[in-house]
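Let me begin by presenting the structure, written as structure tokens, before commenting on it.
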Amino acid sequence: MTALGFLYPGHSAEDDYPRIEQLLGSDVRLQVVHTDIGEDAHRVDALLETGSPARLAAGVEELRLAGAEAVVWACTSGSFVFGWEGAHDQVRALARAAGLPASSTSFAFAHAVRELGVTRVAVAATYPEDVAAHFSAFLAAAGVEVVSARSSGVATAAEVGTWGREEVLALARAGDHPAAGAVLLPDTALHTAAYVQDLEAALGKPVLTANQVTVWEALRLTTRRVNAPALGALFTKEPLVQAPTP
């Protein structure tokens, strides 16, 4: 059994995690602990507070007691707004507080893009334009070229959490670009776990979504690989553990 820990801000799309656990179909357990989001706002100042060390540290003891072998801060905007160096500092502080290997969803995207062998991506973001620009800058610092970035201007995670399949597909289609080797949907408040196959079929290329890459990153930290085609191209790379195809 591999136990993976996630710090998830507030309540929006956390039900993606039990769904992903089921799709993995192996001896992997996903433990989610909710952090205090503070003000639910896609604004840089609010997001900096959401990702502050005190808010993250508050949840790590529960994850330790649950036997987690690694912890990931399951928030993209609450990590990339700190910038490349600041996001590294955030993860180092989380690792010290947890006494475990640690990462964040922003780094998960950077590592997942590299895993796919992609260098040029399109971003389809729910965020306002200024917040989305921080994500593009973070990817650029990771050596990833953003050929297109679309912003939806949604002000809160709560609103994003109400989006269903059609809204998610429309977002991905609108954000795609012919020159992009993959399309990235960066918000962990967005339900995507049930739609990854549909997204990749509609776009004809890999699609990386926030909760999907967050779980993959936790597996990477524990040197586990799971072949789970329902979770997209990212989960079909050199598997060591076979999960059944739904």
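By convention here, the first residue in the shown sequence is residue 1.
Within the model, atoms CG of L100 and CG of L221 stand 10.0 Å from one another, a figure rounded to the nearest 0.5 Å. Atom CG of L56 is separated from atom CH2 of W73 by 4.5 Å, given to the nearest 0.5 angstrom. Residue E217 holds its CD atom at 12.0 Å from CD of Q212, rounded to the nearest 0.5 Å. Taking CD1 from I20 and CZ from F6, the interatomic distance works out to 8.0 Å, rounded to the nearest 0.5 Å. For the atom pair CZ (F82) and OG (S104), the distance works out to 10.0 Å, reported to the nearest 0.5 Å. Taking CG of L48 as the start and CG of D45 as the end, the distance is 7.5 Å to the nearest 0.5 Å.
The hydrophobic cluster containing V91 does not contain L7, counting ILVMFWY residues as joined when their side-chain heavy atoms lie under 4.5 angstrom apart, directly or transitively. In the hydrophobic cluster analysis, where Ile, Leu, Val, Met, Phe, Trp and Tyr join through side-chain heavy atoms closer than 4.5 angstrom, L47 is grouped together with W84. A continuous path of hydrophobic side-chain contacts links F235 to V213 [ILVMFWY only; heavy atoms under 4.5 Å]. There is no path of hydrophobic side-chain contacts, each under 4.5 Å, that joins V118 to V196. Linking Ile, Leu, Val, Met, Phe, Trp and Tyr whenever their side-chain heavy atoms come within less than 4.5 Å leaves L94 and F109 in two separate clusters.
For the pair V123/P186, a side-chain contact is recorded, criterion being any heavy-atom separation below 4.5 Å from C-beta on. You'll find the side chain of V113 stays beyond 4.5 Å of the side chain of T119, heavy atoms only. Side-chain contact between L219 and R225 is absent, with no heavy atoms from C-beta onward closer than 4.5 Å. No side-chain heavy atom of T156 sits less than 4.5 Å from a side-chain heavy atom of H42. Side-chain contact between L4 and R29 is absent, with no heavy atoms from C-beta onward closer than 4.5 Å.
Applying the ring pair (Phe, Tyr, Trp, His ring centres under 6.0 Å) rule to H11 yields the partners H34; only residues at least two apart in sequence or on another chain are considered. Take A46 and apply the side chain to side chain contact (heavy atoms under 4.5 Å, CB included) test, not counting sequence neighbours, and it matches E39, A41, R43. Partners of A155 according to the side chain to side chain contact (heavy atoms under 4.5 Å, CB included) rule, which considers only residues two or more places apart in sequence or in another chain, do not exist here. Among residues two or more places apart in sequence or in another chain, the salt bridge (charged side-chain N to carboxylate O under 4.0 Å, His left out) test is passed with R150 by none. With sequence neighbours left out, the salt bridge (charged side-chain N to carboxylate O under 4.0 Å, His left out) criterion links R165 to D198. Every ring pair (Phe, Tyr, Trp, His ring centres under 6.0 Å) that F80 has, sequence neighbours left out, goes to Y127, F135. Partners of R96 by salt bridge (charged side-chain N to carboxylate O under 4.0 Å, His left out), not counting sequence neighbours: none found. A search for salt bridge (charged side-chain N to carboxylate O under 4.0 Å, His left out) contacts involving E159 returns nothing, not counting sequence neighbours.
In terms of heavy-atom proximity, S52 sits nearest to E49 at OG-O, 2.9 Å. Taking every heavy atom of both residues into account, A157 and S12 meet most closely at O-OG, 3.4 Å. Scanning both residues, L23 and A230, for their nearest heavy atoms gives CD2-CB, 3.9 Å. The shortest non-hydrogen separation linking L208 to A112 is CD1-CB, 3.9 Å. Counting all heavy atoms, side chain and backbone alike, S106 lies closest to S79 at OG-OG, 2.7 Å. Between A74 and P9 the shortest heavy-atom distance is O-CD, 3.3 Å.
Sorted by first then second residue, the side-chain hydrogen bond (donor to acceptor under 3.5 Å, both in side chains) pairs that include residues 182-192, not counting sequence neighbours, are D15-H191, T126-D187, T192-T209. Within the structure, salt bridge (Lys or Arg N to Asp or Glu O under 4.0 Å) contacts touching residues 127-149 (residues at least two apart or in different chains) are R120-E145.
Using cut-offs of 30° and 60° on the angle between ring planes, the pair H111 and F107 is parallel.
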Table please: side-chain donor-acceptor pairs of residues 59-68 below 3.5 Å, with sequence neighbours left out.
unit_1, atom_1, unit_2, atom_2, d
E61, OE1, R64, NE, 3.1
E61, OE1, R64, NH2, 2.1
R64, NH1, A97, O, 2.6
R64, NH1, A98, O, 3.2

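Looking at D89 and R92, a side-chain N of the basic residue comes within less than 4.0 Å of a carboxylate O on the acidic one, giving a salt bridge.
In this model, no donor atom of one side chain and acceptor atom of the other lie less than 3.5 Å apart for E69 and T222. Residues R55 and T35 bring no donor and acceptor atom of their side chains to less than 3.5 Å of each other. Side-chain N/O atoms of T105 and T76 include no donor and acceptor closer than 3.5 Å.
Residue L199 belongs to a hydrophobic cluster whose other members are V154, V160, W163, V168, L169, L171, V183, L185, L190, Y195, L203, V207, with links defined by side-chain heavy atoms closer than 4.5 Å.
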Practice item. Test R19 against E14 for salt bridge (Lys or Arg N to Asp or Glu O under 4.0 Å), laying out the working first. Key: CA-CA 9 Å; R19 181 182 292 274; E14 66 271 22; over 6 Å; no
Point to revise | Stepwise side-chain contact (heavy atoms from CB on, under 4.5 Å) check, E115 with W216 | key: CA-CA 11 Å; E115 175 77 0; W216 177 86; 3.6 Å; yes
Check your understanding: Which is it for L231 and L24 under the side-chain contact (heavy atoms from CB on, under 4.5 Å) test, yes or no, and what are the steps along the way?
Key -> CA-CA 8 Å; L231 292 170; L24 291 176; 3.8 Å; yes
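Between the side chain of D16 and the backbone N or O of N211, no donor-acceptor pair lies under 3.5 Å.
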